[in-house]
Visitor: 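Got a structure here, written out as structure tokens. Questions coming.
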Amino acid sequence: MLLNKKIKMDFISNYIETNKERMLEELLEVLRIPSVSADPKYKEDTVRAANWMAEKLKKAGADNVEVCTTNGHPIVYGDKLIDSSKPTVLVYGHYDVQPADPVELWHSPPFEPVVKDGKIYARGACDDKGQVYMHVKAFEAMMANDALPVNVKFIIEGEEEVGSEHLEGFIKENKEKLSCDVILISDTSIVANDVPSITVGLRGLCYMEVELTGPNRDLHSGVYGGAIGNPVNALCDMVSSLIDENGHITIEGFYDDVLEVSDEERAAMNKTPFDESVYKKDLGINAVKGESGYTTLERKSIRPTLDVNGIWGGYTGDGTKTVLPSKASAKISMRLVPGQDSEVIAEKFEKHINNIAPDYVSVKITRHHGGEPVVVPLDFPPMQAAMKAMNKSFGKEPIPTREGGSIPIVALFESVLGAKSILMGFGLNSDAIHSPNEHYGLFNYYKGIETIPWFFKYYAEMSS
Ligand code: BES
Ligand code: MN
Ligand code: MN
């Protein structure tokens with residue numbers, strides 16, 4: 001029996017080795033589809049990407065493959081249910097990508113993938129087409145060798161990058177169909193190719209928009225300037241008061257619910273290999289900045305943040321225009337940490353903004369999508385399977401890390417389906433996700449395909 005199992009793992013790895021080139025070609029094919037979820041111009045392309053994923057799932061051996069239409073972009077579903085007495089893994093990923101702009105900063109067109117220096121350059125190469133496709137290929141390799149040890153379901157959505165609006169309704173309506181014991185997601189990073197890690201925390205998100213209105217029309221800044229409050233000036237004052245000189249967010253009660261991380265965990269976290277001078281150099285900055293009392297590693301993972309994502313108003317065209325604008329706006333997002341709740345923070349933000357707005361402007365606040373933070377306990381048994389799988393494929397014990405990004409559906413999976421997620425990603429922070437020249441290492445793509453069957457094997461063994 002044991003021997004048989006060992007042979008199966010050898011078959012899987014031979015299969016991957018033999019089919020390497022095709023597995024890459026297929027990924028390049030889907031990277032050519034500009035499935036940008038934010039831009040309605042690409043609506044048909046998102047449908048094309050969904051159909052493509054569904055087709056490949058079917059080919060790999062999945063049953064019940066469906067492209068489920070929603071009021072937004074379609075959701076791809078497929079499964080392979082081998083034995084109802086065995087546990088079920090739900091694999092989640094997204095086929096939608098971020099907009100590619102500014103396109104002029106790409107060294108090669110974002111939707112014409114090229115492989116250069118061992119990396120695949122294309123929008124979505126890492127986030128998340130390359131990572132979700134590793135699962136489809138690992139599944140194919142297990143199926144082809146009659147070595148799928150547990151039940152598996154796939155859900156691949158097309159709206160992750162715009163807040164997973166319709167996936168939430170879908171999981172609520174399809175609880176039975178999506179029922180599972182654990183969710184497996186590759187949409188995060190490892191520390192380095194020789195420092196494997198597993199993500200045990202993600203930040204949440206609260207995304208707001210503020211619009212200030214002053215006079216009822218744009219005014220001549222000479223005729224009225226000095227006597228009338230300028231909403232752009234007011235917005236700048238307000239924004240700059242949101243963070244104090246110690247890097248603390250000044251919104252009343254903002255930190256009330258933050259669960260402080262223990263000194264032990266902080267000490268462990270700060271042992272993660274990290275070279276601040278390399279970090280600064282890569283970003284072209286002279287100095288880092290953040291909340292006092294915390295290291296860079298802590299600031300970008302266990303602490304909440306507030307950032308202006310965009311700010312506009314008045315005249316921004318060529319040359320000059322002497323205008324005292326009627327309106328000013330800003331998009332402001334806050335990353336949240338365990339303990340914080342996006343709705344509560346949204347209320348506190350609204351109250352605070354209304355409090356600090358001067359009386360000569362009126363305020364309109366809009367809430368955009370949000371999401372809750374996530375922590376995955378280390379003693380969760382599938383986590384041990386994931387650790388063991390990474391240890392096997394990297395030849396090194398992975399370290400647990402908390403990451404700063406967000407995957408809002410993870411908290412909803414837990415509250416709606418009652419299942420926790422394993423965040424076993426293979427990207428690198430330097431992969432330029434959401435930026436020009438996004439890329440994904442061939443090493444990482446193949447390492448993912450190699451690691452996933454080990455997760456399934458170890459998970460099945462600990463469940464039997
Ligand atoms: N895959 C990322 C999230 C991520 C990246 C987590 C790197 C950890 C490390 C995901 O696609 C993403 O970009 N999420 C958005 C969520 C938002 C659009 C609701 C984010 O974090 O900004
Ligand atoms: Mn992603
Ligand atoms: Mn993303």
Side-chain angles (χ1 to χ4, degrees), residues 30-31 35-39 49 53 72-73 91-100 110 122-135 155-168 183-192 197-209 272 297 300-302 304-310 331-337 342 345-346 367-376 400-413 421-436 438-440 444 448:
V30 73
L31 289 172
S35 47
V36 178
S37 49
D39 188 343
M53 280 291 173
H73 302 307
V91 172
Y92 162 84
H94 61 96
Y95 67 77
D96 66 318
V97 299
Q98 285 275 326
R123 170 57 86 230
C126 170
D127 185 12
D128 178 45
K129 284 173 176 168
Q131 297 214 60
V132 73
Y133 204 56
M134 300 177 319
H135 286 271
I155 182 159
I156 308 176
E157 71 151 318
E159 296 188 339
E160 196 277 341
E161 299 291 8
V162 289
S164 301
E165 193 188 331
H166 298 93
L167 183 60
E168 181 176 349
I183 296 152
L184 181 62
I185 303 176
S186 296
D187 194 20
T188 52
S189 326
I190 50 174
V191 171
S197 58
I198 285 202
T199 305
V200 293
L202 289 173
R203 289 193 286 199
L205 187 67
C206 174
Y207 203 120
M208 309 293 285
E209 186 163 334
T272 308
L297 281 172
K300 66 190 183 76
S301 63
I302 58 164
T305 66
L306 182 149
D307 277 290
V308 178
N309 301 107
K331 290 184 194 282
I332 300 174
S333 68
M334 292 157 279
R335 295 282 167 174
L336 311 179
V337 298
S342 65
I345 292 295
R367 293 187 190 188
H368 289 287
H369 56 71
E372 307 313 325
V374 173
V375 253
V376 191
T401 54
R402 294 209 198 195
E403 291 202 80
S406 309
I407 309 178
I409 205 66
V410 175
L412 283 164
F413 277 143
S421 297
I422 295 293
L423 301 162
M424 191 173 77
F426 293 87
L428 292 175
N429 283 335
S430 55
D431 284 344
I433 64 172
H434 296 205
S435 299
E438 176 177 351
H439 52 274
Y440 192 40
N444 306 69

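Atoms within each ligand, like the ligands themselves, are counted from 1 in listed order.
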Visitor: Check the orientation of H369 and Y207. Use parallel for under 30°, tilted for 30 to 60°, and perpendicular for over 60°.
Guide: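 Ring orientation of H369 relative to Y207: tilted.
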Visitor: If you look at every heavy atom in G427 and C126, which pair is closest and at what distance?
Guide: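 Between these two residues, the closest heavy atoms are CA-SG, 3.8 Å.
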Visitor: Side chains of S342 and M334, heavy atoms from C-beta outward: is any pair under 4.5 Å?
Guide: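 A side-chain contact is absent here, since even the closest heavy-atom pair is not under 4.5 Å.
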Visitor: Is D127 close enough to the Mn ion (ligand 2) to have an N, O or S atom under 2.8 Å?
Guide: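 Under 2.8 Å: D127 contacts the Mn ion (ligand 2) through an N, O or S atom.
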Visitor: Any N/O/S atom, backbone or side chain, of H94 lying under 2.8 Å from the Mn ion (ligand 3)?
Guide: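 It does not; every qualifying atom lies at 2.8 Å or beyond.
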Visitor: Is the closest N or O pair between S189 and ligand 1 shorter than 3.5 Å?
Guide: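 Between S189 and ligand 1 (N or O atoms, distance only) the closest approach is not under 3.5 Å.
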Visitor: Decide if atom CD of E165 counts as having more than 12 heavy atoms of other residues, nucleotides or ligands within a radius under 6.0 Å.
Guide: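 Counting neighbours around CD of E165, 12 or fewer heavy atoms of other residues, nucleotides or ligands fall under 6.0 Å, so no.
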Visitor: Could you find the nearest protein heavy atom to atom 9 (C) of ligand 1 and give me its residue, atom name and distance?
Guide: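 The closest one turns out to be E403 OE1, 3.2 Å.
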Visitor: My understanding is that we take every heavy atom of each candidate and find the minimum distance to atom 6 (C) of ligand 1. Doing that for V162, D187, V97, which one comes out nearest?
Guide: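 Among V162, D187, V97, the closest heavy atom to atom 6 (C) of ligand 1 belongs to D187.
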Visitor: CG of L205 to CG of L336: how many Å apart, nearest 0.5 Å?
Guide: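 Reported value, rounded in 0.5 Å steps: 7.0 Å.
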Visitor: Looking at S406 and R203, would you say the former's side chain and the latter's main chain have a donor-acceptor pair under 3.5 Å?
Guide: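 Such a contact is found between S406 side chain and R203 backbone.
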Visitor: Of all the heavy-atom pairs spanning D128 and H94, show the shortest one and how long it is.
Guide: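 For D128 and H94, the tightest heavy-atom pair comes out as OD2-N, 3.0 Å.
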Visitor: Tell me whether E160 has any N or O atom under 3.5 angstrom from an N or O of ligand 1.
Guide: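 It does: an N or O of E160 is found under 3.5 Å from an N or O of ligand 1.
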Visitor: Near H369, which atoms of ligand 1 are under 4.0 Å from a heavy atom of that residue?
Guide: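 Those of ligand 1 that fall under 4.0 Å from H369 are 19 (C).
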Visitor: Which pair of heavy atoms, one from M134 and one from N444, lies closest together, and at what distance?
Guide: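 Shortest heavy-atom separation between M134 and N444 comes out as SD-O, 3.8 Å.
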Visitor: Considering only non-hydrogen protein atoms, determine which one is nearest to atom 17 (C) of ligand 1 and report residue, atom name and distance to 0.1 Å.
Guide: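 Its nearest protein heavy-atom neighbour is L205 CD2, 3.9 Å.
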Visitor: Any N/O of D127 closer than 3.5 Å to an N/O of ligand 1?
Guide: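 Yes: some nitrogen or oxygen of D127 is under 3.5 Å from one in ligand 1.
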Visitor: Look at atom 22 (O) of ligand 1 and find which of E161, R335, H368 reaches it with the closest heavy atom.
Guide: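 Residue with the shortest heavy-atom distance to the ligand atom: R335.
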Visitor: Heavy-atom distances under 4.0 Å decide this one: backbone, side chain, both or neither, for I433 against ligand 1?
Guide: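 Under 4.0 Å from ligand 1, I433 contributes side-chain atoms alone.
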Visitor: Could you tell me the residue and atom name of the protein heavy atom closest to atom 14 (N) of ligand 1, and the distance to it rounded to 0.1 Å?
Guide: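 Sorting protein heavy atoms by distance from atom 14 (N) of ligand 1 puts S406 O, 2.8 Å first.
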Visitor: Minimum heavy-atom separation for S333 and N309, please, with both atom names.
Guide: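 Scanning both residues completely, I find the closest heavy atoms to be OG-OD1, 2.8 Å.
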Visitor: Does only the side chain of Q131 get under 4.0 Å from ligand 1, or the backbone, or both, or neither? Count heavy atoms.
Guide: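 No part of Q131 comes within reach of ligand 1.
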Visitor: Relative to ligand 1, is P408 under 4.0 angstrom through side chain, backbone, both or neither, heavy atoms considered?
Guide: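 It is the side chain that touches ligand 1; the backbone stays farther off.
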Visitor: Taking all atoms of both residues into account, what is the closest heavy-atom pair of E159 and S37, and its distance?
Guide: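 Closest pair (atom of E159, atom of S37, distance): CA-CB, 4.4 Å.
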Visitor: At the 4.0 Å heavy-atom cut-off, does D128 count as touching ligand 1?
Guide: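 D128 does not count as a contact of ligand 1 under the 4.0 Å cut-off.
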Visitor: Does R203 reach ligand 1, in the sense of a heavy atom lying below 4.0 Å from it?
Guide: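 It does not, in that no heavy atom of R203 comes within the 4.0 Å cut-off of ligand 1.
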Visitor: Of all the atoms in E161, is at least one N, O or S atom closer to the Mn ion (ligand 3) than 2.8 Å?
Guide: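 Looking at E161, which is the residue asked about, there is an N, O or S atom under 2.8 Å from the Mn ion (ligand 3).
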Visitor: Is H94 in contact with ligand 1, taking contact as a heavy-atom separation below 4.0 Å?
Guide: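 Yes, H94 has heavy atoms under 4.0 Å from ligand 1.
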Visitor: Considering all heavy atoms of both residues, which atom of N429 and which atom of S189 are nearest to each other, and what is their separation?
Guide: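 Looking at all heavy atoms of both residues, the shortest contact is OD1-OG, 3.2 Å.
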